[in-house]
Number of protein chains: 2
Amino acid sequence: MTPESPPMTVGVRERRKSLGLTQAQLAEAIGVSRQTIISIERSDYAPSVYLALRLAVRLNSTVEQLFPLEGESR
Amino acid sequence: MTPESPPMTVGVRERRKSLGLTQAQLAEAIGVSRQTIISIERSDYAPSVYLALRLAVRLNSTVEQLFPLEGESR
DNA sequence: GGTGAATGTCAACTCCACTTGACACTGCAT
DNA sequence: ATGCAGTGTCAAGTGGAGTTGACATTCACC
């Protein structure tokens, strides 16, 4: 990997699991329902920017990494 | 400013103006209505994460900079 | 096999996110 | 003064974002 490569895209689910969190724990940590986490992980709907930011903070990531624009759904 | 200072928060309106764009131009560039840009700039409502990402791309910024979490409304 | 934890699915509900359209207001140049 | 570009405001409409609650399914472990 070159020093200038773009940041790797990592989904919410993958990132959550890599931190050993359950959906319920993540939901509670950022103040939403578990169903919301499921829906976001499944791309059922796009979260608000502030919810995305809270996810990024808790998952030690960035919005750009968690919610890729190009080539992805939505 | 120290080399390790956090990125400065810049609002959507300020960033747009610094690039010399009108609301209408920005709206067209990212594929939304001008009214949407107004509402976002005035924090009438929180945009979806993908809209925020498109804004960040067009404004050569990041979501974290344009939509600060701490101390802000929402 | 059973059990418990974790995840998935469904549905009804409320309110927000964004649209369109049109008029009002502001700032600047002439 | 007028005209134009840019911005603000209002309103009605649609569909999505997120909630709760409950049951189904999957997975890991004993």
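Residue numbers begin at 1 in each chain, while the letters A, B, ... track the order of the sequences. Bear in mind the structure is a predicted one, so any value in this text is a computation, not a measurement.
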Classify the side-chain pair B/Glu14/B/Ser18 by whether it contains a donor and acceptor separated by less than 3.5 Å. no
Send over the distance from B/Tyr45 OH to D/dT14 C1', rounded to a whole Å. 13 Å
Hey, is CZ on A/Arg58 packed in by over 12 heavy atoms from elsewhere, all under 6.0 Å? no
Once you round it to whole Å, what is the distance between P of D/dG18 and CD of A/Glu28? 18 Å
To the nearest Å, how far apart are A/Lys17 NZ and D/dT26 C1'? 11 Å
Phosphate OP1/OP2 of D/dG18: any A/Ser48 side-chain N/O under 4.0 Å: yes
Provide, to the nearest angstrom, the distance between the CG atom belonging to B/Leu55 and the P atom belonging to C/dA17. 14 Å
Is the phosphate of C/dA6, meaning OP1 or OP2, less than 4.0 Å from a side-chain N or O of A/Arg13? no
Atom CD of B/Gln25 to atom P of D/dT7: distance rounded to whole Å? 9 Å
Round to the nearest Å and state the distance from A/Leu19 atom CG to C/dA6 atom P. 16 Å
Nucleotide C/dG8, atom C1' - distance to CZ of A/Arg42 in whole Å: 7 Å
Could you tell me whether B/Arg16 and B/Glu41 have a side-chain N and a carboxylate O separated by less than 4.0 Å? yes
How many Å lie between CZ on A/Arg54 and C1' on D/dA17, as a whole number? 13 Å
Nearest of D/dA17, C/dA17, C/dT20 to any side-chain atom of B/Ala46? C/dA17
Should A/Leu26 and A/Gln23 count as side-chain neighbours, where that means a heavy-atom distance under 4.5 Å? no
Pick the closest DNA chain C nucleotide for B/Gln35 and for A/Ile38 by heavy atoms, then say which residue is nearer the 5' end. A/Ile38
Picking from D/dA17, C/dT7, D/dT7, the nucleotide nearest the side-chain atoms of B/Gln23 would be D/dT7
Of the candidates D/dG8, C/dC18, D/dT20, the side chain of B/Leu51 sits closest to C/dC18
Check whether the side chain of A/Arg34 and the base of D/dG21 form a donor-acceptor pair under 3.5 Å. no
If you define the side chain from C-beta out and look only at heavy atoms, does anything of B/Ile30 sit under 4.5 Å from B/Ile37? yes
Out of C/dA6, D/dG6, D/dG18, which has the shortest distance to the side chain of A/Thr22? C/dA6
